[in-house]
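Read through the structure below, which is laid out as structure tokens, and then see the notes.
Side-chain atoms are counted along with the backbone in the values below, which use heavy atoms only and exclude waters and symmetry mates.
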Amino acid sequence: MNGKSTMMDFLEEPLPGVGTYEDFNTIDWVREKSRDRDRHREITNRSKESTWALLHSVSDAFSGWLLMLFIGLLAGSLAGLIDISAHWMTDLKEGVCLAGFWFNHEHCCWKSNTTFTDRDKCPEWKSWSQLILGYGEGAFAYILNYFMYVVWALMFSLLAVLLVKGFAPYACGSGIPEIKTILSGFIIRGYLGKWTLVIKTITLVLAVSSGLSLGKEGPLVHVACCCGNILCHLFTKYRKNEAKRREVLSAAAAAGVSVAFGAPIGGVLFSLEEVSYYFPLKTLWRSFFAALVAAFTLRSINPFGNSRLVLFYVEFHMPWHLLELVPFILLGIFGGLWGAFFIRSNIAWCRRRKTTRLGKYPVLEVFVVTAITAILAFPNEYTRMSTSELISELFNDCGILDSSKLCEYVNDFNSTKGDDLPDRAAGPGVYTAMWQLALALIMKVFITIFTFGMKVPSGLFIPSMAVGAIAGRLLGVAVEQLAFYHHDWAIFSGWCSQGADCITPGLYAMVGAAACLGGVTRMTVSLVVIMFELTGGLEYIVPLMAAAMTSKWVADAVGREGIYDAHIRLNGYPFLEAKEEFSHKTRAMDVMRPRKNDPPLTVITQDSMTVEDVETIVTNTTYSGYPVVVSRASQRLVGFVLRRDLIISIENARKKQDGIVSTSIICFTDYCPPLPPSSPSVLKLRSILDLSPFTVTDETPMEIVVDIFRKLGLRQCLVTHNGKLLGIITKKDVLKHIAQMANQDPESILFN
């Protein structure tokens, strides 16, 4: 290609694949934002030329909102399908509806003429013993129901793990650690793909229905992000730009939390506080729109299930007292300790799973854990019911018509005013419920450790809330009885007299749920808002915040990482936490490569290397990119070129450009040096060269370097001394250095 050469341009003549990234690599945020600015500038300039270009500019601006609408509709629809299916299959373990096998227990009994107290014993619903034996009482009927419960649980969980293992390995787990890493700029091909979405939707229903100690809320965030990623392909600006796509995924994560809890505002705050890396103001409003659309879509599909806008509606009749902050803070301490204990135990178990033969048999692991869970769960009514139903019952404030054992007090309605019931002495039912709940607490504390991280979809929100709700209800009943029998104590005088309704055990359950969820995830503001939207209890924000902050402080004192950050580190993902400070006094030269006694830095010269020379470098190294210098002698920096762009450009030139051979000179400048007439054509690759790579001097403090990587989303930074190239620092180098300074294993960082 002697003489004039046509310059390649990303906007005009982009080569397929140039500007994209390889799997398990980090995107270049600076380049992606720059490309989007160039694209937007070109559209704006063209909009002044014709009406058609103006319409194109308007549609481009509106496309983001249209995409949010699609994401909300699809995520809400899938969540409604999951919700309805999971309710039906959960009840299928205990019986079937004769009026229609597709009805769950609640829907089956809607038209029944049974009394309110016997509403769960309608003739249309038959247990398996009634259906098979003709009667539902007696030892043999109990054994048959027990057997069917375990069999259905095993069938559901085995089908889930086999589908995940066979069709979509990425469909397992919560998905939030990976979503968090992807939003920080990491590429995991297929994690948000079509097969993952289909299999995750199906297996999430199966896993929840099996009765395992897991929830669907975390995986729904993964499902929503899959919807967002797939729908991004409808719009060019999101399909071709990884940074813009991550704005969409942040909004999709908000929609996922919205459909999980019916909490649009909490979903947006969760996305902002917990998972998003780049969250501009326009993404905030679009996230809220997507979350609202998703929540209303879900409500339209399943208006009478747990998908209503308030998932665990509470109506406590008495306000809380200032002195009750003491037990609320105690619940916060319990939640923090439980969170720290769970994280350490679960990470240790997951690490053992990865390093031993146990990890080679995921189907057997799921079978064993499901069998143990089902066998232990059936005898106890509080572990047999679904976790969402358990939390709803624990949050409930006992009324006159409540038939639950939690509400079997010694009745004395002489002082009853309206719906308000006075604090009463606990009856036999309450004491029975207390020891059953204590057993349920022990079971859920330990079984959740082994369940989270198995090769099935598994969320942690609802199991954590269940642990806290049980602990809170136990404490609430204890304080209630203490106030009833000792109302003359100084701590109760003046606000809790005899016959007054002053202690609400359901409130303690709600605060305990928030405390345990906060201890595990380290959420604060978003957690309180989610709990408010879950329950509708606006006046209880102060107790919730007190418990959430206490649990975070206690958990942080034991271990700094939340469960999702711990799993990110366990998997070796290159996630740079923006919330933690780096205070060590090291310099860029201490972290850069090459180090002392290392081979010199691999570079490419701007106009003196042949195609064969560059191909040899690419073949013999595994780096993601290479600095381009004026010459090896001067080491004056010209720019930086990505490995993937080099490979694609050279392959394309060999196929489509005449005269490009192994001895052709590669030129990264506008004007290439003159060559003899007999020389082969020159390959010009200036268009793929980054002419403004970020550089720091060798004396730059690492505190500043780390801050630059966090705020700019860099994947690499070049180190210079007096204008000469010395070395390179990648995101992986930064993460390894941080781990080393924290006395952690730097080799745990597996990806760049």
### Task
Establish, yes or no, whether the cationic atom of Lys244 lies under 6.0 Å from the six-membered ring centre of Phe235 and within 45° of the ring axis.
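Not flagged: Lys244 not positioned over aromatic ring of Phe235.
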
Compare all side-chain heavy atoms of [X] with those of [Y] and state whether any distance is below 4.5 angstrom.
{"X": "Pro693", "Y": "Leu637", "result": "yes"}
{"X": "Ile182", "Y": "Leu249", "result": "yes"}
{"X": "Leu601", "Y": "Leu725", "result": "yes"}
{"X": "Leu689", "Y": "Phe640", "result": "no"}
{"X": "Met454", "Y": "Arg353", "result": "yes"}
{"X": "Leu231", "Y": "Leu67", "result": "yes"}
{"X": "Leu726", "Y": "Thr720", "result": "no"}
{"X": "Phe694", "Y": "Leu718", "result": "no"}

Report yes or no: do [X] and [Y] form a side-chain donor-acceptor pair below 3.5 Å?
{"X": "Asn229", "Y": "Arg245", "answer": "yes"}
{"X": "Thr621", "Y": "Tyr626", "answer": "yes"}
{"X": "Ser608", "Y": "Thr605", "answer": "yes"}
{"X": "Thr697", "Y": "Thr700", "answer": "yes"}
{"X": "Thr20", "Y": "Arg644", "answer": "yes"}
{"X": "Ser271", "Y": "Ser276", "answer": "yes"}

Decide if atom [atom1] of [X] counts as having more than 12 heavy atoms of other residues, nucleotides or ligands within a radius under 6.0 Å.
{"X": "Lys455", "atom1": "NZ", "result": "no"}
{"X": "Trp65", "atom1": "CH2", "result": "yes"}
{"X": "His584", "atom1": "NE2", "result": "yes"}
{"X": "Lys165", "atom1": "NZ", "result": "no"}
{"X": "His233", "atom1": "NE2", "result": "yes"}

### Task
Report the C-alpha distance between Thr616 and Thr619 in whole Å, list the side-chain angles of each, state the deciding distance to 0.1 Å, and finish with yes or no for side-chain hydrogen bond (donor to acceptor under 3.5 Å, both in side chains).
CA-CA 5 Å; Thr616 301; Thr619 303; over 6 Å; no

I'd like to know if [X] and [Y] make a salt bridge, using a cut-off of under 4.0 Å between side-chain N and carboxylate O.
{"X": "Asp60", "Y": "Arg39", "value": "yes"}
{"X": "Arg593", "Y": "Asp733", "value": "yes"}
{"X": "Glu577", "Y": "Arg710", "value": "no"}
{"X": "Asp670", "Y": "Arg686", "value": "yes"}
{"X": "Arg246", "Y": "Glu242", "value": "yes"}
{"X": "Arg569", "Y": "Asp565", "value": "no"}

Kindly say whether [Y] contributes a backbone atom to a donor-acceptor pair with the side chain of [X] at under 3.5 angstrom?
{"X": "Asp23", "Y": "Arg189", "result": "yes"}
{"X": "Ser47", "Y": "Thr44", "result": "yes"}
{"X": "Arg595", "Y": "Val591", "result": "yes"}
{"X": "Ser77", "Y": "Leu73", "result": "yes"}
{"X": "Arg239", "Y": "Leu234", "result": "no"}
{"X": "Asp590", "Y": "Arg587", "result": "yes"}
{"X": "Arg636", "Y": "Val630", "result": "no"}
{"X": "Ser287", "Y": "Thr283", "result": "yes"}
{"X": "Ser649", "Y": "Asp645", "result": "yes"}
{"X": "Ser57", "Y": "Arg46", "result": "no"}

### Task
List the steps and the verdict of salt bridge (Lys or Arg N to Asp or Glu O under 4.0 Å) for Glu651 and Lys655.
CA-CA 6 Å; Glu651 288 180 352; Lys655 292 177 182 177; 5.3 Å; no

### Message
Between Glu32 and Tyr21, is the side-chain hydrogen bond (donor to acceptor under 3.5 Å, both in side chains) condition met? List the steps.
### Response
CA-CA 11 Å; Glu32 295 298 307; Tyr21 304 92; 2.7 Å; yes

### Aromatic ring proximity His737/Phe582, centre distance under 6.0 Å
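Yes, close enough.
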
### Query
Are Tyr573 and His567 close enough that their ring centers fall under 6.0 Å?
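No, the ring centres sit 6.0 Å or more apart.
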
Shortest non-hydrogen contact between [X] and [Y], atoms and distance:
{"X": "Ile729", "Y": "Ala588", "value": "CD1-O, 3.7 Å"}
{"X": "Pro594", "Y": "Gly727", "value": "CD-CA, 4.1 Å"}
{"X": "Ala251", "Y": "Ala290", "value": "O-CB, 4.3 Å"}
{"X": "Trp29", "Y": "Gly713", "value": "CD1-O, 3.0 Å"}
{"X": "Val661", "Y": "Pro680", "value": "CG2-CB, 3.7 Å"}
{"X": "Leu69", "Y": "Phe289", "value": "N-CE2, 3.8 Å"}

### Query
Can you list the residues that meet the disulfide bond (SG atoms under 2.5 Å apart) rule with Cys667, with sequence neighbours excluded?
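Cys672.
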
### Task
To the nearest 0.5 angstrom, please state how far the OG atom of Ser624 sits from the CG atom of Asn25.
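Answer for the OG-CG pair, Ser624 versus Asn25, is 4.0 Å.
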
### Task
Measure the spacing between CG of Leu284 and CG of Leu272 and express it to the nearest 0.5 Å.
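Going from the CG atom of Leu284 to the CG atom of Leu272 covers 7.0 Å.
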
### Message
Would His222 and Tyr191 count as a side chain to side chain contact (heavy atoms under 4.5 Å, CB included) here? Give the steps.
### Response
CA-CA 9 Å; His222 187 186; Tyr191 197 84; 3.2 Å; yes

### Query
Going through the checks in order, is the side chain to side chain contact (heavy atoms under 4.5 Å, CB included) test met by Lys240 and Cys232?
CA-CA 9 Å; Lys240 293 187 175 181; Cys232 273; over 6 Å; no

### Message
Between Val719 and Thr695, is the side chain to side chain contact (heavy atoms under 4.5 Å, CB included) condition met? List the steps.
### Response
CA-CA 6 Å; Val719 182; Thr695 62; over 6 Å; no

### Message
Quick test of your reading: applying salt bridge (Lys or Arg N to Asp or Glu O under 4.0 Å), list the pairs with at least one residue in residues 601-627, sequence neighbours left out, ordered by first then second residue.
### Response
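Non-adjacent pairs meeting salt bridge (Lys or Arg N to Asp or Glu O under 4.0 Å): Glu615-Arg654.
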
### Query
Stepwise, does the side chain to side chain contact (heavy atoms under 4.5 Å, CB included) test hold for Asp690 with Val641?
CA-CA 6 Å; Asp690 179 6; Val641 63; over 6 Å; no

### Message
Which residue is it: Ile568, Thr26, Leu735? I am looking for the one with a side chain to side chain contact (heavy atoms under 4.5 Å, CB included) to Phe575.
### Response
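With Phe575 as partner, Ile568, Thr26, Leu735 yield a single side chain to side chain contact (heavy atoms under 4.5 Å, CB included), made by Ile568.
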
